[in-house]
J.: 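Dumping the structure here so I can ask a few things about it.
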Amino acid sequence: MSDETGTSPRPFATSARRCDLAWRIAVPLLVIALLVLIWYAYVKLSGVPPYILPGPAAVANAFVTDWATLAPAFWVTTKITFLSLMLALVGGVGFAIFLVQSRWIELAFYPLAVILQVTPIVAISPLILIYAPSTQIALLICAFLVAFFPILSNMVQGLKSVDHNLINLFELYGASRWQTLLYLKLPAAQPYFMTGLRIGGGLALIAAVVAEFAAGSAGAGSGLAFRLLEAQYRLNIPRLFAALLMLSLLGVAIFAVTSFISWLALHRWHESSLKREN
């Protein structure tokens, strides 16, 4: 629809959206730059030694000089995080579908998942290390157990929150249980699943690091957690900060990817992702 001058208002709306996106990116970057500047000024003015608090330049130099050590560890942690998240997605969704088939099934098996969730992973990691065939598989199991429950609980809640009138309508038209699940319950549970995905992604990274702390794994196949401990023992604080920054960037990347997946799945129809004019 055009205005009185015959021009379309769409270019203005597109420009406004681009401007809004630019501000959304620029503001956090400016805040981070300001914090780094404050950090640099404090280190310079206070004269604090680098083995207590290194400056941004020392951390950046550690990235370059220790990259051959940090990069393989970063890949190990990334691989464990994403593998555990994929397993948690498959296991959480599959177990949620199994639980909602019957109230008796949910009463019988859901408490087992709760027990696994409330038991500290640090407490059961020694048992996992004993029975697992390798340390890497033990780390994968630990990360899986932590990421599994948020996906399961959100998926169960989503499958149980479907409008009963729609379920009655499917029954009226003679839809089978699997047709109802495929065409009604699973699409309706998407917002809950996406919430569980975002939570599970962050927890998978946290669990991978904590599990490696508990396992005390070392050597060529170790992840960033061991490099953190190694830098701490050697008082190589710039390398420690560099490893911490890599973990933070990995966490931000996981959150960004899962948020983008959620937006792709929901932005056309769900209220949580729709663009509002007011």
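As the structure is a computational prediction, the values presented were derived from the model and not from experiment. Residue numbers start at 1 and run along the sequence shown.
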J.: Say whether I115 and F109 are linked into one hydrophobic cluster, either directly or through other cluster members, by side-chain heavy-atom distances under 4.5 angstrom.
T.: no
J.: Is F241 reachable from I52 through a run of I, L, V, M, F, W or Y residues, each pair having side-chain heavy atoms under 4.5 Å apart?
T.: yes
J.: Which residues pass the side-chain hydrogen bond (donor to acceptor under 3.5 Å, both in side chains) test with D66, not counting sequence neighbours?
T.: R239
J.: Take atom CZ of F98 as the centre, draw a 6.0 Å sphere, and report whether it contains more than 12 heavy atoms from other residues, nucleotides or ligands.
T.: yes
J.: Say whether R198 and S259, considering side chains only, have a donor N or O and an acceptor N or O under 3.5 Å apart.
T.: no
J.: Does the side chain of F193 reach to within under 4.5 Å of the side chain of L89, using non-hydrogen atoms?
T.: yes
J.: Measure the shortest side-chain to side-chain distance between W104 and L107 over non-hydrogen atoms and say whether it is less than 4.5 angstrom.
T.: yes
J.: Under 3.5 Å, side chain of T119 to main-chain N/O of L116, donor-acceptor pair present?
T.: no
J.: Taking C-beta and beyond as the side chain, do W178 and L181 meet within less than 4.5 Å on heavy atoms?
T.: yes
J.: Between L159 and V162, what is the shortest heavy-atom contact and its length?
T.: O-CG2, 3.6 Å
J.: Are L112 and Y110 connected, step by step, through hydrophobic side chains (Ile, Leu, Val, Met, Phe, Trp, Tyr) whose heavy atoms are closer than 4.5 Å?
T.: yes
J.: Looking only at heavy atoms, which two atoms of A73 and R227 are closest? And how far apart?
T.: CB-CG, 3.6 Å
J.: Shared ILVMFWY cluster between Y183 and L169, side chains joined below 4.5 angstrom?
T.: no
J.: Are V257 and L266 co-members of a hydrophobic cluster defined by side-chain heavy atoms under 4.5 Å apart?
T.: yes
J.: Tell me whether E106 contacts the main-chain N or O of L99 through its side chain, where contact means a donor paired with an acceptor under 3.5 Å.
T.: no
J.: State the CE-OG1 distance between M86 and T81, to the nearest 0.5 angstrom.
T.: 11.0 Å
J.: For I80, is there any backbone N or O sitting under 3.5 Å from a side-chain donor or acceptor partner on S84?
T.: yes
J.: To the nearest 0.5 Å, what is the distance between CG (L250) and CG (L205)?
T.: 5.0 Å
J.: Mind checking the CD1-OG1 spacing from I254 to T78? Nearest 0.5 Å is all I need.
T.: 7.0 Å
J.: Are E212 and V76 side-chain neighbours, meaning at least one heavy-atom pair lies under 4.5 Å?
T.: no
J.: Roughly how far apart are L203 CG and I199 CD1, rounded to 0.5 Å?
T.: 7.5 Å
J.: Would you say that S262 contacts L197 through its side chain, given a criterion of any heavy-atom pair below 4.5 Å between the two side chains?
T.: no
J.: Considering non-hydrogen atoms only, spot the tightest contact between P54 and V59 and give its length.
T.: CG-CG2, 4.1 Å
J.: ring-ring contact (aromatic ring centres under 6.0 Å, His included): which pairs involve residues 45-88, sequence neighbours left out?
T.: none
J.: From L172 CG over to N165 CG, what is the distance, rounded to the nearest 0.5 angstrom?
T.: 12.0 Å
J.: Under 3.5 Å, which donor-acceptor pairs link side chains of residues 137-157 to any protein atom two or more places apart or in another chain?
T.:
{"from": "S153", "atom 1": "OG", "to": "F149", "atom 2": "O", "distance (Å)": "3.0"}
{"from": "S153", "atom 1": "OG", "to": "P150", "atom 2": "O", "distance (Å)": "3.2"}
{"from": "N154", "atom 1": "ND2", "to": "P150", "atom 2": "O", "distance (Å)": "2.7"}

J.: To the nearest 0.5 Å, what is the distance between CD1 (I121) and CZ (F213)?
T.: 15.0 Å
J.: Please name the pair of heavy atoms, one in L224 and one in T77, separated by the smallest distance, quoted to 0.1 Å.
T.: N-OG1, 2.9 Å
J.: Would you say Q101's side chain and I97's backbone share a donor-acceptor pair under 3.5 angstrom?
T.: yes
J.: Looking at every heavy atom in both L53 and V48, which two are closest together, and how far apart are they?
T.: O-CG1, 3.8 Å
J.: Could you report the tightest heavy-atom contact between L182 and P187, atom names first, then the distance?
T.: O-CD, 3.4 Å
